[in-house]
Amino acid sequence: MKLFRCQSCDNVLYFENRSCGRCGHRLAYLPQLGRISALEPAGDNNAWTPLAAPERPSFLCTNAAHDTCNWMVPPGTTDAFCLACRHNGIVPDVSDEVNLERWREMEHAKHRLFYTLLRWNLPLKTRAEDAEHGLIFNFLADPPDASGPKVMTGHENGVITIALVEADPAEREKRRTAMGEPYRTLLGHFRHEVGHHYWDILVRDAGKLEPCRAVFGDDSQDYGAALQRHYDQGPPPNWQETFVSAYATTHPWEDFAETWAHYLHIVDTLEMASAFGLQVKPKADVEGDLATHVDFDPYQADSIEQIIDAWLPFVFAMNSVSRAMGEGDLYPFVLAPPVVAKLGFIHDLVHGRV
């Protein structure tokens, strides 16, 4: 993720900003340009002129009315929704303030996901464009009857369902603890579930099953039986030597989705570190093994080695700072060589090199 700059007053802006805290300009993200722009009114029809591209007047996404989106629709179109919100299916009842606030948190995470997908120009068809495999998100609240079935977060043929209750930090922490997970976030859910979608699109439908199986294993094994075995028996001993997480051991599909999510975590975090000009150079490290400077674009890195060489020193420092605050590690995972190889497959896949 980048930092941005207000074209009116040079104030530093962040991805979720709706208005400039210094000059007061309305702000919007221009996905085609990858920039946050200050806006000027451009007529009586809720049109706006972005100062970053004054020749491209457009409209704010309809969901801006609910403060769930700060993106503009593609200029020159009559689209009601932006490139991210057009993939929404079922959204919560916005007359319920709790639902509305949770949906806003969901959209913050989803828009960060779409920032990444658009940076790599990955295939993004809506359900209207591809009725069988178009990407669509359903944000569902649990039924009023507490004894009834709960909404399950998951993916099936392009349909990603996210349980609205996951936007409640207390409930999310409760579930994280109950499932023995070291990490559980909304953004992590989005990145994991969309990994399943891109396995369908970039692996199965693109004829890449064999090279993928060579790295992640045979996905033809019974998924239901594998899932039940995982919940009954837990992960195998020494799983950290070959998997990025315990859940990744369940089935090759989950291994792929978990690895995909971690690749997105790493790349986007490194871009944020680069945007802040962060570098790691410990005085106690006389050999320089823990030094790094992110002086490249992680989204366009030449190899997974370049990414990992920057990531490991940075994450050691990040985790140490978190511990100094009395918190756990921000990134509580071990990247063993076989895991790095799997990350390398994802890297090559998103860059069209598989």
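- You'll find the ring centres of Tyr247 and His230 inside the 6.0 Å limit.
- For the atom pair CZ of Arg184 and CD of Glu166, the computed distance is 4.0 Å after rounding to the nearest 0.5 Å.
- Note that the CG atom of Asn157 and the CG atom of Asp200 stand 6.5 Å from one another [nearest 0.5 Å].
- Within the 4.5 Å cutoff, the side chain of Glu129 has heavy atoms near those of the Arg86 side chain.
- Residues Tyr231 and Met179 form a side-chain contact, since some pair of their non-hydrogen atoms from C-beta on lies under 4.5 Å apart.
- When all heavy atoms are compared, the tightest approach of Ser37 to Leu30 is CB-CD1, 3.9 Å.
- The two residues Pro298 and Ile307 have their closest heavy-atom pair at O-CD1, 4.0 Å.
- Rounding to the nearest 0.5 Å gives a distance of 8.5 Å between OG1 of Thr77 and CG of Leu83.
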Given Asn88 and Glu107, is the side-chain contact (heavy atoms from CB on, under 4.5 Å) satisfied, shown in steps? CA-CA 10 Å; Asn88 285 357; Glu107 289 294 345; 2.9 Å; yes
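- Formation of a donor-acceptor pair under 3.5 Å by the Asn99 side chain with backbone atoms of Val94 is not found in this model.
- With Trp120 as the partner, the ring-ring contact (aromatic ring centres under 6.0 Å, His included) test is satisfied by one option alone out of Tyr263, Tyr115, Tyr198: Tyr263.
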Please report the C-alpha distance between Arg104 and His66 in whole Å, then the side-chain angles of each, then the deciding distance to 0.1 Å, and finally whether the side-chain hydrogen bond (donor to acceptor under 3.5 Å, both in side chains) criterion is met. CA-CA 8 Å; Arg104 285 174 180 150; His66 302 299; over 6 Å; no
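- Side-chain atoms of Ile266 and Leu343, non-hydrogen and from C-beta on, do get closer than 4.5 Å to each other.
- With a 4.5 Å cut-off on side-chain heavy atoms, Leu349 and Phe256 count as touching.
- Looking at heavy atoms from C-beta onward, Phe333 lies in side-chain contact with Pro182 at the 4.5 angstrom threshold.
- The side-chain heavy atoms of Thr153 and Phe190, taken from C-beta on, include no pair separated by under 4.5 Å.
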Which is it for His251 and Gln221 under the side-chain contact (heavy atoms from CB on, under 4.5 Å) test, yes or no, and what are the steps along the way? CA-CA 8 Å; His251 186 277; Gln221 63 180 280; 3.4 Å; yes
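- Taking the six-membered ring wherever Trp is involved, the centroid distance between the rings of Tyr183 and His265 falls below 6.0 Å.
- Taking the side chain as every heavy atom from C-beta outward, Arg119 and Glu271 approach each other to under 4.5 Å.
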Kindly indicate, with the supporting measurements, whether the criterion side-chain contact (heavy atoms from CB on, under 4.5 Å) is fulfilled by Asn17 and Asn70. CA-CA 8 Å; Asn17 284 159; Asn70 67 335; 5.6 Å; no
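- Cluster annotation: Leu187 is not connected to Leu164 through the hydrophobic network of ILVMFWY side chains, with a link wherever side-chain heavy atoms come within less than 4.5 Å.
- Atoms CG and CZ, on Leu117 and Arg191 in that order, are 9.5 Å from each other to the nearest 0.5 Å.
- Between the side chain of Asp130 and the main chain of Lys125, no donor-acceptor pair closer than 3.5 Å is present.
- Taking a 6.0 Å sphere around CD of Glu132, one finds it holds 12 or fewer heavy atoms contributed by other residues, nucleotides or ligands.
- Under the 3.5 Å distance criterion, the side-chain polar atoms of Ser322 are matched with a main-chain donor or acceptor of Gly328.
- Residue Leu122 holds its CG atom at 9.0 Å from OG1 of Thr116, rounded to the nearest 0.5 Å.
- When atom types are taken as modelled, the side chain of Thr49 and the backbone of Ala42 share no donor-acceptor pair closer than 3.5 angstrom.
- The number of heavy atoms from other shown groups lying within 6.0 Å of CG (Asn121) does not exceed 12.
- Note: His262 and Tyr331 meet the aromatic proximity criterion, with ring centroids under 6.0 Å apart.
- For the pair Lys342 and Phe243, the cation-pi test (distance below 6.0 Å, angle within 45°) is passed.
- Ile90 approaches Asn138 most closely through the heavy-atom pair N-OD1, 2.8 Å.
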Verdict with supporting geometry, Asp79 and Phe59, side-chain contact (heavy atoms from CB on, under 4.5 Å): CA-CA 9 Å; Asp79 293 353; Phe59 302 89; over 6 Å; no
Is there a salt bridge (Lys or Arg N to Asp or Glu O under 4.0 Å) between Arg172 and Glu181? Walk through the geometry before answering. CA-CA 11 Å; Arg172 194 168 61 249; Glu181 298 172 343; over 6 Å; no
Between His196 and Glu156, is the side-chain hydrogen bond (donor to acceptor under 3.5 Å, both in side chains) condition met? List the steps. CA-CA 8 Å; His196 287 299; Glu156 185 174 2; over 6 Å; no
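- In plain terms, the two heavy atoms of Thr259 and Ile346 that are nearest each other are CG2-CG1, 3.9 Å.
- Cluster membership for Leu335 and Phe216, using ILVMFWY side-chain heavy atoms within less than 4.5 angstrom, is shared.
- Residue Tyr14 is not grouped with residue Leu33 when hydrophobic side chains (ILVMFWY) are merged at heavy-atom distances under 4.5 angstrom, including chains of intermediate members.
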Given the rule in the side-chain hydrogen bond (donor to acceptor under 3.5 Å, both in side chains) test, do His25 and Glu40 qualify, once you have shown the distances and angles that lead to the verdict? CA-CA 8 Å; His25 270 82; Glu40 291 282 0; 2.9 Å; yes
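- Atom NZ of Lys150 is surrounded by more than 12 heavy atoms from other residues, nucleotides or ligands within 6.0 Å.
- When all heavy atoms are compared, the tightest approach of Thr292 to Ala310 is OG1-CA, 3.2 Å.
- Ala163 and Arg175 get closest at one heavy-atom pair: CB-NH1, 4.4 Å.
- Leu124 and Val159 sit in two unconnected hydrophobic clusters of ILVMFWY residues. Membership requires side-chain heavy atoms under 4.5 Å apart, directly or through other members.
- Tracing side-chain contacts under 4.5 Å through hydrophobic residues (I, L, V, M, F, W, Y), one reaches Leu100 starting from Ile162; they form part of the same cluster.
- Taking the six-membered ring for Trp and thresholds of 30 and 60 degrees, Phe139 and Trp103 have ring planes inclined between 30 and 60 degrees apart.
- In this structure, the side chains of Asp219 and Arg213 come closer than 4.5 Å at one or more pairs of heavy atoms.
- Distance check: Leu60 CG to Tyr29 OH gives 15.0 Å after rounding to the nearest 0.5 Å.
- At least one donor-acceptor pair under 3.5 Å links the side chain of Gln7 to the backbone N or O of Ile36.
- Remark: Arg102 does not engage Glu105 in a salt bridge, criterion side-chain N to carboxylate O under 4.0 Å.
- Atom NZ of Lys208 has more than 12 neighbouring heavy atoms from other residues, nucleotides or ligands inside a 6.0 Å radius.
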